[in-house]
Amino acid sequence: MAEVFLRRLSRWQAEQQRESVANLYVEAYRGRAGAEYSDRQGFLRRFEHDVQQPDFDMVVADSAGLVGCLYGYRAARDSDWWAGFRGILPAGIEEQTASGRVFLLSELMVAPAQRGAGIATRMRTLLLTRHTADVVVAVIKQHDTQGREVLQAWDWTKLGEFDPAKEGWLRPPSPLP
């Protein structure tokens, strides 16, 4: 297997790479047959929104082409992503969300041929080096078995459920190794 290099992208660089990132999205999340176009277009709409968010941060993995991508942004308590949250936040988390200290992992994708090689963990470590003091949350679809397995392997805990059909996961409070 060829060596995989990680690099952090600025907002401008991320926007320049949007087509390559969308291609990776389609490869990583092959949906039902024939849905690639709508899946890609939906991803591009979400990406366009996310890249404009405060403190947007992105890491990509490259091995003679894009093989992984992880990005997120600082999410205010009153932002869209909290809409539909069902449950009660623990007191410490509530305080940090009220002060705008939540970093939302918005998207993680690794090409199928590269999975299991630790690329996602390496990207997470690099991305979160700038966000170690924040509450870090990932929101995934309830049927995202692979996403849940990755978060559980990282020792994240389920924070709660969101409408429609999503669940939030919380990074453990201890710093990353």
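Heavy-atom basis, side chains included; hydrogens, waters and symmetry copies ignored.
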Item to complete: Test L170 against V135 for side-chain contact (heavy atoms from CB on, under 4.5 Å), laying out the working first.
Response: CA-CA 7 Å; L170 182 66; V135 171; 3.4 Å; yes
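- For the residue pair W154/T121, the side-chain donor-acceptor check at 3.5 Å is satisfied.
- No donor-acceptor pair under 3.5 Å is formed between the side chain of Q16 and the backbone N or O of Q13.
- Judged by distance alone, the side chains of Y25 and R30 never bring a donor and an acceptor atom under 3.5 Å apart.
- Inter-residue side-chain proximity for V102 and R74 is flagged as unmet; no heavy-atom pair is nearer than 4.5 Å.
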Item to complete: Evaluate side-chain contact (heavy atoms from CB on, under 4.5 Å) for V67 paired with L24, printing each intermediate quantity in order.
Response: CA-CA 7 Å; V67 297; L24 176 62; 5.6 Å; no
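- Scanning both residues, V110 and A28, for their nearest heavy atoms gives O-CB, 3.6 Å.
- Between E19 and R40 there is a salt bridge, since a side-chain N of the basic residue sits under 4.0 Å from a carboxylate O of the acidic one.
- The nearest pair of heavy atoms linking V137 to W156 is C-CZ3, 4.1 Å.
- With contacts defined as side-chain heavy-atom distances shorter than 4.5 Å, the pair V139/L104 qualifies.
- Two residues are said to be in side-chain contact when any heavy atoms from C-beta on lie closer than 4.5 Å; Q17 and L9 meet this criterion.
- Atom CZ in R171 sits 13.5 Å away from atom CG in L159 (nearest 0.5 Å).
- The NE2 atom of H143 sits 10.5 Å away from atom NZ of K166, with the distance rounded to the nearest 0.5 Å.
- Atom CG in D50 sits 10.5 Å away from atom CZ in R11 (nearest 0.5 Å).
- With rounding to the nearest 0.5 Å, the separation of CE in M58 from CZ in R7 is 8.5 Å.
- Annotation: side chain of Y29 is in contact with side chain of E107 (closest heavy-atom distance under 4.5 Å).
- Atom CZ of R124 is separated from atom CG of L151 by 10.0 Å, given to the nearest 0.5 angstrom.
- A ring-centre distance under 6.0 Å is found for F56 and Y71.
- Side-chain atoms of L105 and L128, non-hydrogen and from C-beta on, do get closer than 4.5 Å to each other.
- With rounding to the nearest 0.5 angstrom, the CD atom of Q152 is 10.0 Å from the OG1 atom of T145.
- Residues L126 and R8 have side chains in contact (heavy-atom distance under 4.5 Å, counting atoms from C-beta outward).
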Discussion item. Walk me through whether Y73 and Q52 qualify under side-chain contact (heavy atoms from CB on, under 4.5 Å).
Written reply: CA-CA 9 Å; Y73 54 88; Q52 298 303 317; over 6 Å; no
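- At distances below 3.5 Å, not a single donor-acceptor pair connects side-chain atoms of R46 with backbone N or O atoms of S106.
- Closest approach of A120 to L108, counting heavy atoms only: CB-CD1, 4.0 Å.
- For E167 and R148, the salt-bridge test passes: some basic side-chain N is under 4.0 Å from an acidic carboxylate O.
- For E161, the side-chain hydrogen bond (donor to acceptor under 3.5 Å, both in side chains) criterion is met by R86, Q142, K158, not counting sequence neighbours.
- Residue E15 qualifies as enclosed at atom CD: its count of foreign heavy atoms under 6.0 Å is above 12.
- Here the shortest heavy-atom pairing between L6 and A61 reads CD2-CB, 3.5 Å.
- A donor-acceptor pair under 3.5 Å is formed between the side chain of D62 and the backbone N or O of A64.
- Counting non-hydrogen atoms of neighbouring residues, nucleotides and ligands closer than 6.0 angstrom, the CD atom of E48 reaches no more than 12 such neighbours.
- With contacts defined as side-chain heavy-atom distances shorter than 4.5 Å, the pair N23/L66 does not qualify.
- Annotation: side chain of H49 is not in contact with side chain of R45 (no heavy-atom distance under 4.5 Å).
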Worksheet item: Can F103 and D57 be said to form a side-chain contact (heavy atoms from CB on, under 4.5 Å), step by step?
Response: CA-CA 10 Å; F103 189 80; D57 203 357; 4.1 Å; yes
